[in-house]
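Report on the following structure.
Per chain, numbering begins at 1; letters A, B, ... match sequence-line order.
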Amino acid sequence: MSNQYQIAVLGGGPGGYVAAIRAGQLGFKTVLIDKDNLGGICLNWGCIPTKSLLKNAEIYDNIKNHSADFGIKVQGLDFDFTRIIKRSRDIAERMAKNVEILVKKNKVDRIRGFGKFISSNELEILDNNGNKINSISADKIIIATGARPKVLPSIPVDKKFIITSSEAMVLHEVPKEMIIIGAGAIGIEFAYFYSVLGSKVTIVEMMDTILPIEDKEVSETLAKSFKKRGIEIFTKTSVEKAIVNGNKVLVTINSNGKRKELSADKVLNAIGVTGNVEGFGLEELGVELFKNHIKVNKSTYETNIKGIYAIGDVIGPPWLAHVASQEGIHCVEKIKGITVQDIDYTSIPGCTFCQPQVASVGLTEDKAKESGYEIKVGKFPFMASGKAFAIGEREGFIKIIFDAKYGEILGVHIIGSEATEMIAEAGLAKSLEATGESIIKTVHAHPTLAEAFMEAAAQAYGEAIHI
Amino acid sequence: MEIVMPKMGESVSEGTILKWHKKIGEAVKRDEIIFEISTDKVDTEIPSPVEGILSEIRFNEGDTVDVGTVVAIIDSNGEIKKDSSEQKPEVVHQPAVEENKIEESSKHEDKTQSILSNEKIESTRPSANISDSIDLQMPKMGESVMEGTIIKWYKKVGEQVKKDETIFEISTDKVDTEVPSPADGILSEILVAEQETVEVGTVVAKLTTAAKTTQISEPKPEVKKVQQKETKAEKTKKELPSSMHENFSSVKATSLEEEEVGNSSLNKNKSTSKFLSPLVLNIARKENVSFEEIEKIKGTGLEGRVTKKDILNYIEQRNNTKSESGETNIRETQQQIFDETKQEVLSSPSVTPSKVQAVYSSSEVERIPMDIVRQKIMQHMVNSRDTSVHVSAMLEVDMTRIYNFLKANRDEIQRKQGIKLTYMPFVSHACIKALKEFPLVNATIDGTTIVKKKFINLGIAVAMEPNGLIVPNIKNADEKNIVGLARSINELAEKARTKRLTPDDITNGTFTITNYGVFGTIFGTPIINQPEVAILGVGTVVKKPVVVEIEGTDTIAIKPTMALTLSHDHRLVDGMLGGRFLKSIKDTLESFSINEM
């Protein structure tokens, strides 16, 4: 194996491995460096294993709470938590292996180790103990080192009582009480999961609503649904401190000056993530950073140092696997000299896989107004959908925000069953610059939940049939 | 159309009217908010389902009414309009017949249509692909002639060929002859080179006939398109006029295409070079960006598509360079119409700047890019000059009778008829009479054919502030009396000033009068409004000392006098005809009697 490459990719997550594969496809001599299994957080400790867990919860939830509606009799319903966790781990492992195969198939060399910059086109590879095992040189180096859970001193993570998402997906037993700090997608998904399995869950969020980046109406609907499940929610509330005391964690929260003490078996720190920018030589090279992330040109993904690129979570929000992958592809294609349209960061879907699911693309109603748009809003509740009725999923709605002037789709917000699948249509419609009229005139199969998308558009124009 | 309190949800049975956004008698566009309601579930604004006039409001603000109750009535201007709103998304989805109906009866929708039809231009192109190809063979020139030699190709590959136009010349042992085209189309392939000899019956070339478009008088769109592609060198030279031409002619031509291509505009666009997203089309419609303009926008989207950003940038630029935005549409349409008639628009000299350009520093001069309207006026004027052989004839008219009549009756007429009479309706009236008498002046030239119009649509040139002009015309002007003409003139001028002219107002004129007298000008030599063959210039009425013979004695008298100029196209209107025509107008005006009113 020659140690000279055209492209070296540092980090094998959904940004890195995708970039490497694309580079391989385009004929670059490419190397992919990661000390762990390929797939990164997403595949090993994020998206995929949690979706596995959530499916368990969903099935259990349905049987437990809705079997009677469907005329199904259940006795002695129980679950095996160890099996639930094992299923999730098995899936992650299988997927990671598949990625190794994909990478190999595309003639990308794979180095297992920790890559560290020696110069702007040289990397040394260290083993787990920090010993140098190899070194390579590459014309272009793409940093895709991702991000990790952000930790605050006031909430000292010990990975035992005060945990992050990684620990939360491999607990040995369902905690009786769990406090989740941060009501973003990660916090919300674990809240649903553990609440269904019997934990008494409390969510603490600093912002006005849970899922604060989503449309207010969606967040409020979800909050209502969660409260019905018995999840306690504190919004506009900060955490002053979390202290482990015996087998409990004591959490002091502050809501508008009013202090309160909570306690739980586990506290999940889900306040956000921070870029992995330390310890591999960026500072020495002078790669420009901002707020713990690498600063890049968001068209070429090149950093301030020529030949060094960065993609994915390490370059900052929106911290989504699908964005990382797309950035990886773009970065490599631009290096190749292919003319590609820049990523439209206004058309990126975001999903939260609790039940009811939440998915959105584009601007919220508030953001659209703030941006100065005169808007037209169409909304269709699943309550009015025959399919939703038939499958017993009548919660939620689809809401579309249009620019009143030109009919542009500014944002689509879905809460309800299969919301995360349905958002794809909205993303396509938005990025291809469809208008309300085009959605209304697109024939949607009946009976599907997706019909609600068409009806929501029609509602904006006063043409909805079923409401 | 009845507007009812909408049902806002399953359990909502009534709603409160919060606010009426429209008053009775006010015009309402489709989707424009008419009123706002509040229910126990939600507050919402109710848009109009149709375009029309809000003719009745049945409940006041604050009233709570049951769902389904009629709260207002919108008069949607007759059936056709209703159709169009029911068929919803846009006119483009309507069958051709329907569309024609609308074109005729609701002209004010034309603006939308002309842009909509841009979408259809795209749609016409695929038909070129499905069009027929005709093999051109070496013809048999006699019983014993077995072969022929191609002497010369008159057409190049990609060039447009009319039926019966000579395509190539052959030589046989018996005879040399020119071979005409069997059909309209495009010469798509030449298989035998000049000086080559082939057997009779050998295919020497292929002709692509745009099967559908040939039925229409103007098969241009496809043709021009191909031309532009094939002969890139000529592209720049021809681009502007031809694409304008293409744009307009397809407005007419596409309705036939519609059924053929089907209703999905997406499909239509897909198979063409330019996909325009629904949003881009919407923006184009709303901002009056013509397809021709879109064609010129550099797309930055996928596969070079023009994106929302591109078109918005373009509009911003356009607005910046334009002295006055908003009035372009009409004027542009007019230009398109001018250009439509000019089939043989070649590269216009004025487009190439003069070689002798003095160099100034930026402090000495201000360099202003011409807006599109100015550019088109420029082209049109040059085209007219290059097309018609302009000759101007002038004479003076004694306006005493009309002067006196106006002096005596103007105020009363204004009081009674609500119209302020000027000299223009009198001149128009006299002119119409002369046009009837000399219909050749009311004609156009089509190749070597004279097209005599049996109707008189009298164009009136209207200056537009701050700079520009437009020529709306009075349809069937010969059916109007002087007061009727006065009304029509006022109406058109008013519409021009308020930018409410429709494409219909400015198309299909047959003769134009331009009244430069309003600026105090005495004499002028106007440029003919193509494709007409003459234009009458009207000077200001001035009191002049003239020599009159009273009882055998020459005396100097003071007469209100007006000079008329007839610029006529000498290709068709000779001095005699022009002179007689002018004389006829003069006689009518000078012999004016109150009975003509």
Side-chain angles (χ1 to χ4, degrees), chain A residues 217 299 338-347 362 365 373-386 388-389 394 397 399 402-410 428-443 455 457-467, chain B residues 3-4 6-12 30-35 37 41-50 67 85-90 92-93 263-266 269-270 275-287 289 299-312 315:
Chain A
E217 216 173 330
S299 170
I338 298 172
T339 311
V340 281
Q341 203 189 348
D342 289 347
I343 293 174
D344 176 6
Y345 284 92
T346 68
S347 295
E365 188 172 343
Y373 284 105
E374 197 190 311
I375 58 167
K376 187 176 269 200
V377 178
K379 197 175 138 188
F380 189 84
F382 289 115
M383 190 89 78
S385 154
F389 209 165
R394 304 186 75 196
F397 55 84
K399 175 173 171 180
F402 292 105
D403 165 27
K405 194 170 174 199
Y406 298 130
E408 179 182 10
I409 301 166
L410 297 175
L428 185 68
K430 184 173 186 317
S431 66
L432 287 185
E433 299 184 342
T435 56
E437 202 68 51
S438 13
I439 300 169
I440 299 168
K441 295 302 167 197
T442 299
V443 178
E455 287 277 34
Q459 201 268 325
Y461 291 88
E463 296 170 14
I465 304 295
H466 294 96
I467 38 169
Chain B
I3 307 299
V4 297
K7 195 169 170 96
M8 297 311 296
E10 292 205 325
S11 61
V12 180
R30 183 166 166 252
D31 286 344
E32 213 182 353
I33 305 302
I34 326 176
F35 61 104
I37 61 162
K41 290 261 163 73
V42 68
D43 288 1
T44 188
E45 293 174 331
I46 308 299
S48 171
V50 292
V67 163
S85 74
E86 273 161 15
Q87 296 241 1
K88 228 87 46 121
E90 19 271 48
V92 74
H93 294 293
N263 279 336
S264 159
S265 57
L266 192 65
N269 288 327
K270 232 195 237 164
F275 169 90
L276 297 176
S277 73
L279 179 58
V280 167
L281 287 171
N282 253 7
I283 296 173
R285 237 169 258 147
K286 293 242 161 90
E287 302 295 337
V289 180
T300 62
L302 216 58
E303 293 153 356
R305 283 175 199 167
V306 173
T307 63
K308 171 192 83 171
K309 224 168 145 189
D310 298 331
I311 190 167
L312 289 179
I315 290 165

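Taking each heavy atom of Leu432(A) and Ser277(B) in turn, the nearest pair found is O-CB, 3.2 Å.
For Leu312(B), the part sitting under 4.5 Å from any heavy atom of chain A is the side chain, from C-beta outward, and nothing else. Proximity to chain A (any heavy atom under 4.5 Å) is shown, for Thr307(B), by both the backbone and the side chain. Contact annotation for Pro6(B): neither backbone nor side-chain heavy atoms come within less than 4.5 Å of a heavy atom of chain A.
In terms of the side chain to side chain contact (heavy atoms under 4.5 Å, CB included) criterion, residue partners of Val4(B) (sequence neighbours excluded) are, by chain and number, Val70(B). Under the side chain to side chain donor-acceptor pair (under 3.5 Å) criterion, Glu217(A) pairs with Lys379(A), Lys399(A), sequence neighbours left out.
In summary, of the residues considered (Glu437(A), Lys430(A), Glu433(A)), a side chain to side chain contact (heavy atoms under 4.5 Å, CB included) with Leu279(B) occurs for Glu433(A) alone. Screening Glu287(B), Lys286(B), Lys308(B) against Tyr406(A) for a side chain to side chain donor-acceptor pair (under 3.5 Å) leaves a single residue, Glu287(B).
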**Q.** Audit row: Glu463(A), Arg30(B), salt bridge (charged side-chain N to carboxylate O under 4.0 Å, His left out) steps and yes/no
**A.** CA-CA 12 Å; Glu463(A) 296 170 14; Arg30(B) 183 166 166 252; 2.9 Å; yes
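Here the straight-line distance linking atom CD of Glu408(A) with atom CD1 of Ile283(B) works out to 6.5 Å at 0.5 Å rounding.
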